[in-house]
J.: 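Supplied in structure tokens, the structure appears directly below.
Proteins come first, then strands; the chains are lettered A, B, ... in the order of their sequence lines, and each starts at number 1. As the structure is a computational prediction, the values presented were derived from the model and not from experiment.
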Protein chains: 2
Amino acid sequence: MSGERSKAARNRPTIHDVAAAAGVSRGTVSRALNGGRNVSPAALQAVLKAVRTTGYVANPAARSLVTQRAHSVAFVLTEPQQRLFEDPNFSILLQGCTQELAELDVPVLLMTASTEVERKRTSRFIAAGHVDGVLLVSSHTGNPLLEELRDSGIPVVACGKPIGHEGQVAYAAADDRSGARLMVEHLRSRGRRRIATITGPPDTPGGVERLAGYRDVLGPDASPDLIAHGDYSRAGGEAAMAALLERAPDLDAVFVASDLMAAGALNVLHDSGRRVPEDVAVGGFDDSSIATSTRPALTTVRQPFQRITREMVRLLLEQIQGEPPAASILPTELVVRAST
Amino acid sequence: MSGERSKAARNRPTIHDVAAAAGVSRGTVSRALNGGRNVSPAALQAVLKAVRTTGYVANPAARSLVTQRAHSVAFVLTEPQQRLFEDPNFSILLQGCTQELAELDVPVLLMTASTEVERKRTSRFIAAGHVDGVLLVSSHTGNPLLEELRDSGIPVVACGKPIGHEGQVAYAAADDRSGARLMVEHLRSRGRRRIATITGPPDTPGGVERLAGYRDVLGPDASPDLIAHGDYSRAGGEAAMAALLERAPDLDAVFVASDLMAAGALNVLHDSGRRVPEDVAVGGFDDSSIATSTRPALTTVRQPFQRITREMVRLLLEQIQGEPPAASILPTELVVRAST
DNA sequence: ACAACTACTGTGCACGTTCACAGCGCGGTT
DNA sequence: AACCGCGCTGTGAACGTGCACAGTAGTTGT
């Protein structure tokens, strides 16, 4: 990254040029542009006009250097890269956070930390002060990155409850447990009696909480035969569904802990000759774009992604302002479609 | 974004601290860290050790200020936001570019420009010098952003041929036309005679080129009845398929210009009682993650996304170094699965 | 009348780095 | 012996901004 300066960089007007054009001093220009307090109306107008004529835009590096703030935020994904484009949830979170922050003129840096090398790089990068805070999308517990970030003192907001760090790390999450209860109660109300479940990984909050909600409703009916573990991937959903059919061929419903896994489960049920929902009812979780694209369309539990991203951003900005980390638990909603 | 300084920002070691710890001067530390030329082995070792003990990481803002380089790059998406999580192509491009650049320690800023407001914001942001270059993912022609960027003189690489700007703007693209030919020839070789197509929007390179490839093969057989336009969305694919069935109920194959639209078309064919591939063969384009998740799995044309992203990054870095914009056209490949 | 306050303005300094330059010692050539 | 070139080193300046401070003019209060 060296060589000729681009046309954009060359001759870019500085705050001095604006001051000269407006007939005031640098300080006045700076004040006029940052809040405009203690600036006379005449000076303010002159500055604004000079900004227009010169095409001045403040140099972010110079500003960062003196304010000790990067004025940007990192979105860090610790999941395998595959996930970003297989599971729409991640894109939705990314897009929601980006949009939310764009309105505040805060750019989002996208970083991944799925391998050891990437984690080191990301960690070092963040430690360098490139960003003021981190939006961390990492479901698996035990990832060293979270502790590294916490130790470095940089504001962090996790998406989903950070198991083992509750109270120390801010987070926003849907109420997984009661969402799962909603779904399982719904399946029961449809007359289903052999309700199986495909869970998320046991080291993720969604894996734990959604299973807990399932157990809340079924109690002793939640036999181990009816519980299979998935990894939130489509292939994982397929494998888990196949295992369930092997162990409990008489099941008449499945609550799947994510829409993507549910789509995999639907394919396996289809291949096994079972009709959905006549023979087996299928419930998902997320209400992602997948839910309406399967045949039949998925009954699912809606995660309020827009509120989640809004809360993540709010919690992060709060911490950047110096407030202590907090948490937000958001309600879920049952969305009934054709699969139950 | 003001308030207390975070723990990370407080007491961060500077190059002075490293110099003091190593018993050398700032200049020597700087030289040792940037290439290490004209530095004695003893000094180099001392500096490296001091860096380790102090935990020094260079301040990016200070570096940017003096080098006049942001050392970062923007990934700008001008499509409707919906697309980012509906169509895996965008996530793949994003993830590919991010990974490619991460290895060079260049962070990627994600920005959208789907509305007028966003475009203005993004344009201003880029003009401010936050980034050294732009990876532009914008299929529709006539977007003012491209001209704004070109006028500002910042290096830009488009993904897909920028219609009307060839030769002025660098780009990387798959060879859409010959890819389409591959698919239509394949359908013919399967004995299909009434081959329809669902195109992309006529103001996109994929919309134009893939249709041209279809016409190349079919010649006079490409009757208007057999051509429907989609918008690269799943819903668009559904609508186009429904229209085709209306106009040409005897069709026995469809070449769809994207996997996502093809998935929509499959659903409509399924709902209309037609069997795939027995009654109607369906070919997609992209070989995205969707292709293996439909039932039946999609025969499709593989876009070499990894090479595309690699080329985009290469072309961008070249321009940042001062070289003129160039273009890369990459070959496609037919992937035969169950839908044909 | 003078002091005290308010509203506004200009100036020096600092942020942390890179780069150009000058200085140094040392070995080899004139 | 004086000179030159070479490898290495330290130092001052500059990048462009925000902020603290000092200063000025005008207004209010006693």
J.: Under 4.0 Å from OP1 or OP2 of C/dT18: is there any side-chain N or O of B/N34 that close?
T.: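 Yes, because at least one side-chain N or O of B/N34 sits under 4.0 Å from OP1 or OP2 of C/dT18.
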
J.: Of all the choices, C/dT17, D/dC8, D/dT17, which nucleotide is nearest to the side chain of B/A62 once you look at every atom?
T.: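 Comparing C/dT17, D/dC8, D/dT17 against the side chain of B/A62, the answer is C/dT17.
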
J.: Run the salt-bridge test on B/E148 and B/R119 with the 4.0 Å N-O cut-off and return the result as yes or no.
T.: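 Salt bridge present between B/E148 and B/R119.
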
J.: Does the side chain of B/Q68 get closer than 4.0 angstrom to OP1 or OP2 of C/dT18 through an N or O atom?
T.: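 No.
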
J.: Who pairs with B/R63 by salt bridge (Lys or Arg N to Asp or Glu O under 4.0 Å), at least two apart in sequence or on another chain?
T.: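 With neighbours one apart ignored, the set is empty.
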
J.: Could you check A/S114 against A/E118 for side chain to side chain donor-acceptor pair (under 3.5 Å), going step by step and ending with a plain yes or no?
T.: CA-CA 6 Å; A/S114 43; A/E118 285 180 356; 2.9 Å; yes

J.: What contact category does A/A61 fall into here, base, sugar-phosphate, or nothing, at under 4.0 angstrom with non-hydrogen atoms?
T.: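 Nothing, no nucleic acid heavy atom in range.
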
J.: Among the nucleotides C/dT17, D/dT17, C/dC15, which one has an atom lying closest to any side-chain atom of A/L65?
T.: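 Nearest listed nucleotide: C/dC15.
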
J.: Check step by step if side chain to side chain contact (heavy atoms under 4.5 Å, CB included) holds for B/I308 and B/L93.
T.: CA-CA 8 Å; B/I308 290 177; B/L93 289 170; 4.2 Å; yes

J.: May I ask you to verify if any side-chain N or O of B/S40 is less than 4.0 angstrom from the OP1 or OP2 atom of D/dT9?
T.: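 It does, given that an N or O in the side chain of B/S40 lies less than 4.0 Å from OP1 or OP2 of D/dT9.
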
J.: Once you apply a heavy-atom cut-off of 4.0 Å, does A/N38 come out as touching a base, just sugar-phosphate, or nothing?
T.: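 If one applies the 4.0 Å heavy-atom cut-off, A/N38 turns out to touch a base.
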
J.: Quick check for you: to the nearest 0.5 Å, what is the distance between A/T309 atom OG1 and A/E100 atom CD?
T.: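 One finds 5.5 Å between OG1 of A/T309 and CD of A/E100.
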
J.: Which residues in residues 24-32 of chain A have at least one heavy atom lying under 4.0 Å from any atom of DNA chain C?
T.: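 A/V24, A/S25, A/R26, A/G27, A/T28, A/R31, in order of number.
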
J.: Give the minimum heavy-atom separation between A/A58 and A/Y56, together with the two atoms involved.
T.: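 Answer, listing the atom of A/A58 first, then A/Y56: CA-OH, 3.4 Å.
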
